[in-house]
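See below for the structure under consideration.
Treat the numbers as computed from the prediction; the structure is a model and nothing was measured.
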Amino acid sequence: MVALSKELDEIAQYRNAYILAFSATTGYVCFGWDIGLIGGIVALPSFQQYFGLDKESASARASLSGNIVSVLQAGGFFGALSSSYLASRFGRKPCLILSAVIFLFGSLMQATVGLGSSQQVGLNVLYAGRFFGGLGVGLMSALVPSYVAECAPRSIRGRCTGSIEVAVGLGNMLAFWVNYGAALNIPFGEMQWRIPFIVQMIPGVLFFVLMLVQPESPRWLVERGRYDEAAAALAYIARKAPDDDAVLLTLSEIRADFVGKHRLPILTQFRKMGENRIIALRCFIPSLVTFFQQWSGTNAINYYSPQIFAGLGISGTASTLFATGVYGVVKFVVTILVLAFVVESLGRKRSLIYGGLGQCLTMLWIGGYTGIHTQPTVIPATYVSIVAVYLFGVSFCVGWGFVPLIVASEVSPGHLRAAVMSLASGCTWLFTFAIAQLTPIMLAHITYGTYLLFGILSLIMAIWAYVFLPETTGYPLEDIRFLFEKDIIVRALEDAPGGRIFLGKRRAVPVEELRRLELRQSSFRPQATEDLEDSQSCDETVEGEGPPDRGSRKLDDPLII
């Protein structure tokens with residue numbers, strides 16, 4: 001009861017931060033909806049007949065389906081890459097609102113495709129609508145994690161950023177069940193597949209409206225020198241007065257972190273990614289974890305789950321869509337449970353390790369089953385394999401579903417975060433495109449090898465997280481850099497379950513000691529910039545004597561984002 005009461009008090013204290021996270025992650029409902037929508041629509045006989053897919057050969061139909069599915073990723077790739085310039089130039093909030101407008105335009109094109117035109121023209125308009133929808137969700141996908149991470153207090157940052165995957169799961173689940181409901185209740189005809197396209201505009205409208213009333217990122221405002229507005233944004237997030245000590249302390253630390261780094265042009269941001277080994281590593285990890293995420297096999301199931309369930313022995317369009325809907329429910333429920341009870345307590349690193357091992361085992365089972373049992377008949381092992389698909393979704397939600405977004409937004413250097421996250425999101429869309437194109441080909445030609453490939457890659461992901469990734473849970477964004485300054489692998493193994501067995505007596509330099517060393521060195525520097533002096537004077541107002549010792553702060557300190 002005490003723990004529950006403390007949890008409720010924290011929710012009440014940070015309710016504005018939770019509302020902000022909910023508003024921003026509504027954009028990921030659009031993302032998840034678009035991902036889950038198209039596979040079921042393409043599987044509908046009414047859709048195939050309308051665009052003449054039913055008259056094509058099996059290989060040609062697979063190719064056209066792959067093109068329809070994957071053109072969204074092409075738009076997403078360009079939307080993600082453009083986010084770095086747009087977000088740095090105009091701010092996070094205006095760009096998120098713009099992404100909603102682009103998404104709604106693309107959705108409207110998809111809903112009205114083919115009206116008053118030939119079959120081929122309609123197909124071309126569908127490609128264009130998918131591309132514009134991809135531009136919108138690509139822009140969203142790159143900006144939402146950065147925006148939420150830059151606004152959420154440290155003690156709930158993992159939960160707020162992790163809510164992105166809840167939004168993806170919600171969008172997936174709703175899209176799956178809308179497709180199933182359309183197949184079951186709407187008569188055969190073009191409205192059977194148009195209705196799902198129309199319904200996906202609802203989360204787009206909601207995202208647009210909710211973002212209108214949210215503040216700009218305080219870190220972006222500090223970067224632009226708009227300190228009063230940044231203080232107001234921090235005060236709103238923490239539900240405190242702009243002159244509150246916690247607000248002033250947080251503002252001073254953000255200002256100190258941006259000394260000499262204000263308004264870096266986007267090309268300069270990309271160039272500075274390689275200015276030293278530590279910065280380069282921190283800029284590389286976000287793209288690496290999003291690359292791993294895509295090769296877990298999750299989007300192969302999201303896009304082609306009806307075909308995958310059919311290959312496991314489930315027959316009939318309605319039955320495969322129902323199985324897909326159950327998969328969406330499982331992922332959504334598990335994501336909520338993990339976000340509520342696991343992400344902050346278990347930590348980023350252990351979540352990735354355990355999730356990767358679970359993905360590996362379930363994919364290897366499915367691959368072994370389909371390799372041995374080549375006929376589409378139902379045997380007892382068929383039901384185990386169907387359960388394995390659901391358990392894969394559970395494992396993905398535990399680790400590689402939303403934790404990569406949290407890790408990527410946390411390890412990115414603050415002054416380069418827009419460029420780093422745009423590259424990471426571009427990597428996501430590039431390999432989502434590859435998965436969308438390759439999955440039907442792999443399922444047709446190497447069959448069970450598809451699942452074995454995903455299983456082996458999931459094992460590699462777990463090993464990488466075990467050996468090379470330090471735990472980032474509980475650190476302010478400005479302190480994450482200390483985790484990568486010395487003894488990275490030693491620190492990563494220290495944080496890994498049982499990892500100290502491999503270290504003997506070796507230990508990494510504690511982060512608190514690195515902080516104190518930096519503070520001592522900075523106190524002897526002969527010159528200081530005007531920004532740093534301002535920040536220190538602000539600290540003096542809060543603490544009464546010089547810059548604060550960040551090593552003395554506790555995890556539950558107010559605000560500290």
Side-chain angles (χ1 to χ4, degrees), residues 16-35 72 75-111 129-152 160-161 163-164 166-168 170-171 198-224 226 229-230 232-234 236-237 263 266 405 409 417-419 421-422 424-426 428-429:
N16 285 357
Y18 281 117
I19 292 171
L20 180 146
F22 171 79
S23 301
T25 54
T26 303
Y28 263 76
V29 176
C30 305
F31 177 41
W33 197 304
D34 225 344
I35 288 175
L72 176 85
F77 176 75
F78 290 106
L81 288 185
S82 67
S83 69
S84 55
Y85 169 77
L86 294 174
S88 295
R89 179 77 171 80
F90 302 106
R92 297 1 175 191
K93 176 181 174 178
C95 292
L96 287 170
I97 294 173
L98 174 64
S99 71
V101 174
I102 297 173
F103 171 78
L104 289 171
F105 176 70
S107 298
L108 183 62
M109 288 183 68
Q110 294 172 70
R130 295 281 295 162
F131 182 82
F132 277 106
L135 278 177
V137 294
L139 196 53
M140 291 175 196
S141 68
L143 293 179
V144 169
S146 296
Y147 176 72
V148 174
E150 290 177 352
C151 294
C160 288
T161 310
S163 63
I164 288 170
V166 173
V168 174
L170 177 62
I198 294 171
V199 174
Q200 78 166 342
M201 299 174 68
I202 295 174
V205 172
L206 184 63
F207 176 56
F208 175 83
V209 172
L210 290 175
M211 281 308 304
L212 289 175
V213 298
Q214 294 307 318
E216 180 57 87
S217 162
R219 281 181 168 82
W220 183 83
L221 292 169
V222 167
E223 186 180 12
R224 313 304 282 188
R226 294 156 61 176
E229 293 176 62
L234 290 170
Y236 167 80
I237 292 166
R263 303 189 185 187
I266 195 62
L405 289 172
S409 60
R417 186 170 289 119
M421 291 304 292
S422 72
S425 187
T428 297
W429 286 103

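Considering every non-hydrogen atom in both Ala167 and Thr25, the closest pair reads CB-O, 3.0 Å. Residues Gly133 and Leu72 share a closest heavy-atom pair of C-CD1, 3.8 Å. Between Leu81 and Gly426 the shortest heavy-atom distance is CD2-CA, 4.5 Å. When every heavy atom of Val205 is checked against every heavy atom of Leu104, the shortest pair comes out as N-CD2, 3.8 Å. Between Ala111 and Ile198, the closest heavy-atom pair is CB-CG1, 3.6 Å. Counting all heavy atoms, side chain and backbone alike, Leu221 lies closest to Ala233 at CD1-CB, 4.3 Å.
A 4.5 Å side-chain heavy-atom check between Glu216 and Pro94 finds at least one atom pair inside the cut-off. Annotation: side chain of Gln200 is not in contact with side chain of Cys30 (no heavy-atom distance under 4.5 Å). For the pair Cys151 and Pro218, the minimum side-chain heavy-atom distance is below 4.5 Å.
The ring-ring contact (aromatic ring centres under 6.0 Å, His included) search around Phe22 returns none, not counting sequence neighbours. For Ala100, the side-chain contact (heavy atoms from CB on, under 4.5 Å) partners two or more places apart in sequence, or in a different chain, are Phe207, Phe208. Residues that satisfy the side-chain hydrogen bond (donor to acceptor under 3.5 Å, both in side chains) test with Ser82, not counting sequence neighbours, are absent from this structure. For Tyr28, the ring-ring contact (aromatic ring centres under 6.0 Å, His included) partners are Phe31, not counting sequence neighbours. Annotation: side-chain hydrogen bond (donor to acceptor under 3.5 Å, both in side chains) contacts of Ser141 (sequence neighbours excluded): Ser425, Trp429. In terms of the side-chain hydrogen bond (donor to acceptor under 3.5 Å, both in side chains) criterion, residue partners of Ser84 (sequence neighbours excluded) are, by chain and number, Ser422. With sequence neighbours left out, the side-chain contact (heavy atoms from CB on, under 4.5 Å) criterion links Met109 to Phe105, Val125, Ala128, Phe132. Residues meeting the side-chain contact (heavy atoms from CB on, under 4.5 Å) test with Ala24, sequence neighbours left out: Val144, Tyr147, Val148, Met211. Listed by chain and residue number, nothing satisfies the side-chain hydrogen bond (donor to acceptor under 3.5 Å, both in side chains) test with Gln110 (two or more places apart in sequence, or in another chain). In terms of the side-chain contact (heavy atoms from CB on, under 4.5 Å) criterion, Ala232 has no residue partners (sequence neighbours excluded). Every residue meeting the salt bridge (Lys or Arg N to Asp or Glu O under 4.0 Å) condition with Glu229, not counting sequence neighbours, appears here in chain and number order: Arg226.
Pairs engaging residues 92-101 under the salt bridge (Lys or Arg N to Asp or Glu O under 4.0 Å) rule: Arg92-Glu150 [sequence neighbours left out].
Atom-to-atom distance recorded for Glu223:CD and Ser88:OG is 6.0 Å, nearest 0.5 angstrom. The distance from the CZ atom of Arg130 to the OG atom of Ser107 is 9.5 Å, given to the nearest 0.5 Å. A distance of 5.0 Å separates CG of Leu143 from CG of Leu96, quoted to the nearest 0.5 Å. Taking CG of Leu20 as the start and CG of Leu210 as the end, the distance is 10.5 Å to the nearest 0.5 Å. Remark: Cys160 SG to Ile19 CD1 distance equals 11.0 Å, nearest 0.5 Å. Of the inter-residue distances, the one linking Leu135 atom CG with Phe103 atom CZ reads 12.5 Å to the nearest 0.5 angstrom.
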**OP:** Please report the C-alpha distance between Thr26 and Leu206 in whole Å, then the side-chain angles of each, then the deciding distance to 0.1 Å, and finally whether the side-chain contact (heavy atoms from CB on, under 4.5 Å) criterion is met.
**Re:** CA-CA 7 Å; Thr26 303; Leu206 184 63; 4.0 Å; yes

**OP:** Report the C-alpha separation of Leu170 and Trp33 in whole Å, then their side-chain angles, then the decisive distance to 0.1 Å, and conclude whether the side-chain contact (heavy atoms from CB on, under 4.5 Å) test is met.
**Re:** CA-CA 8 Å; Leu170 177 62; Trp33 197 304; over 6 Å; no

